[in-house]
Structure formats: structure tokens, C-alpha cells
Amino acid sequence: MCGRKANLGCGIFALAALLLAAPASFAADARDIHERILTLDSHMDTPMNFARPGWDMMDAHTFAGDLSQIDYPRMVKGGLDGGFFTIYTPQGPRTQEGFAAARDAAIRRAGEIREMVARHSDTFALALRADDAGLIAASGKRIVYMSMENGYPIGKDLTLLKTFYELGVRMAGPVHFTNNDLGDSATDPKGPEWHGLSALGKQFVAEANRLGIVLDASHASDDVFDQMVALSTAPIILSHSGAKAVFNHPRNIDDARIMRLAAAGGVIQINSYSDYLVETPNIPARDAAIRALGMKYGPFRALAGERLNAYMAERHAIEAQYPLPKGSIDDVMAHLLHALKLVGADHVGIGLDWDGGGGVTGMEDVAGIPEISRRLLAAGYTEADLAKIWGGNALRVMRQVDAKAAEYARK
Ligand SMILES: [Zn+2]
């Protein structure tokens, strides 16, 4: 105890106490800040869970129990107000039948998102404009924007982009893991097919600008990124990407391009997908075991109850038998802090790829996100910076895209 007659020992004790208290106080500040600012994530694959039997957004789940990473209780815990819930469509055959099946699946998924919001309309609300986010949060509800990952459901019929806009989609990217009729993917093992966007892909950019859909270049090849930045009349976004200077992977983007994105008013939203953060070996035996498990049980998202538990137990056993290196929150922060140093707090945000492969050691689900804010504060970033990073920047891009669309509508 330090009395009025302070001595050296007491001073050191006080200093030590202050130093020890610093991280804890940042933690409390981080959590409080999430209550004051709009905290949004720009890439959540959570809608894949909406049609799971017995799965409800209002219930508490665990990643270990069913591989899900977002539900209402965990959003509350992490202080996440909402963000972009995506319609993800895996790339399939580029045939009339393939296009029709992808279109139908994407429309169904849009319906499932709207159904989730309708079923829990006292807790969630669909957002269509940038300003809706603040209004919805002020009403005490969580914010559901809709986005589209992979333009494959459009097939070759660009009129469908308007259909998706009318369903609520406000952000869209042309490609996913492999090339399609709109353009090249960053990760197609066959390499480039179009050397950027196809002619149809260029029209996709113009149509997104006209409608007021934010263009998303995550998963696109560098050439597609370059052409999207050049052709788009409004800023574009990378909804879930990393920095190539931190980890060299085709899904990450180099510094020169991050700087060009920022110069054009755009934003890079930092990802937490482990394969893009740390070297991840291919273990064919592991892949084969997971495939065999899938054959035995069918798609895991169709399972419930005891059958789901049995699937998860076998899956965990495979993961223990063939462990993979996993990125940590340190890796996510390395990408985030690098991008912030490079282009500043006006051009960096967060899109962690929840329920789509994201999540790292130290941040397994959305309940863990205040740790990002704690570390940003510890690195010297302010509450005003955090407000931009956690949603302000993405909403600014949305506002600019919307203003441009309004201009087109007047012409
Ligand atoms: Zn993705």
C-alpha cells in the first residue's frame, strides 16, 4: 500500500500496476467502442446455415459443435452490428443447365436471407442503403446487407443482376475459385482465360455501376482487379482479402494495387482465412478422409441431432490425425496493420470470411472480434479510426456507388 510518504519502491509498484493494467483497459475500451460505433463485417457466409435443419440464428451454437461461427448470441458477445451476408454459389459447369441451377440456388439463398430477417424481424432488419445501417442500429436491431460471392448465377444473362439487386443485393464479385464467363479467378489452376474480364464481365461492371451495386474484387485475378478499378465509375472494394507483402498467396494483393485501390477511393477489408495467412500443406490423406466422411454422411449442413454429433466426432478425429497449421490472430493483425500503414485508416476495413473458412487461433468465431479492436487501440489507433475500419469506410464506398447510380438514373 502506498501512503503519503511515497518511496521509490512504491513508484515502481505504481508504474508496474499501470503497465499491467494497460491491456485490460484496452480490452474494456474495445468492447465499449463496439457498442458506440457501427461494427460491420463485409463478408459472412452465414446464409449457408439458414436452411440447416433445426438451426436457428437466435440460438447459441459453437464452432466445435456444428462448424458455425455466427449467430445472434455470438454477435452480441462480439459486439457485431451486422454486415454483408453473402449469397455464395460454388463455381459449376458453364452450361445452360449449370447456369439455370446456379441462378435458382442463388435466388433460393436470397429468399432464405429474407426469411431469416422476416422470422426475427424484432432483431434483424434488411439494409438496402448506406444510411440504413445507422437507422437499424439505432432501432436496436442488427443489420443485414446482402452480397453475392461469384457472379456465376448470372450466367450470360446480365438482366439477372437487376433481379438480384431487387432481391436486395448491394455488393457483388464476378468470380470465385475458378474462371467463369465474367472473368478470371486469382486461383484457377488452369491460369488466365480472358486475361482479366471477359466482354460480358466488362458489361457486368457497367451494369453494377448503373444499378448501385458495390463491385467486389476479392477472388478475382490481378488483371480483373486492374480492369475493375479502371472501368468502374465508383470506388470498388475487396470484401475479404489480405496483403501479398505479408503472405505471398494469389488471393492476397500487392502493395501497389492496394495503393491504387485507395487512390480510387476503395477499401481493402482484411480476411481471416487461414490458408491465405500461413503456409498450408496439401495433405491428400486428410482430403481423402474428409471426402469419405462426406460420402458417408452427405452434406454436413443437412445433418442434425445425433447424426450431426457423430459426423463432428469423426471429423474432429480426422483433423487430429492430420493436423494442419492454423493462422492466428497475430497473422490477421499483421495484414491489417500492414494495410493501415500503407494506405491509412480511410481505406482499410474488416471482412473475416465467417462461415466460409475464416477464423483463426485466438478468434475462432465472431465472439472473438473485440480482440482486433483491443490490438488496434494498443497500436495507437483511435475510436474514430476504429469507426472507419469497422464499417465507416465500407459504407462510404456504398454511398459513393449509390450517388453514381442516382446520377445514371437522372440521365
Ligand atoms: Zn471467399
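Ligands are counted one by one from 1 in listed order, and the atoms in each one are counted from 1 as well. The figures here come from the full heavy-atom set of this structure, side chains too, leaving out hydrogens, waters and symmetry mates.
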Open item on the list: Using the side-chain contact (heavy atoms from CB on, under 4.5 Å) criterion, which residues pair with Asp32? Sequence neighbours excluded.
Closed with: Arg36
TODO: Identify which protein N/O/S atoms are less than 2.8 Å from the Zn ion (ligand 1).
DONE: Glu149 OE2, His219 NE2, His240 NE2
Please list every donor-acceptor pair under 3.5 Å in which a side-chain atom of residues 283-293 meets a protein atom from a residue at least two apart or in another chain.
| residue | atom | partner | partner atom | Å |
| --- | --- | --- | --- | --- |
| Arg286 | NH1 | Tyr322 | O | 2.9 |

Task: Polar side-chain atom of Asn209 near backbone of Thr233 as donor-acceptor pair, under 3.5 Å - done: yes
- [ ] Could you pull out all residues at least two apart from Thr123 that satisfy side-chain contact (heavy atoms from CB on, under 4.5 Å)?
- [x] Met58, Tyr72, His120
Open item on the list: Which label fits His219 and Tyr276: parallel for a plane angle under 30°, tilted from 30 to 60°, or perpendicular past 60°?
Closed with: perpendicular
TODO: Please determine if Lys326 and Glu319 form a salt bridge, counting it only when a charged side-chain N lies under 4.0 Å from a carboxylate O.
DONE: no
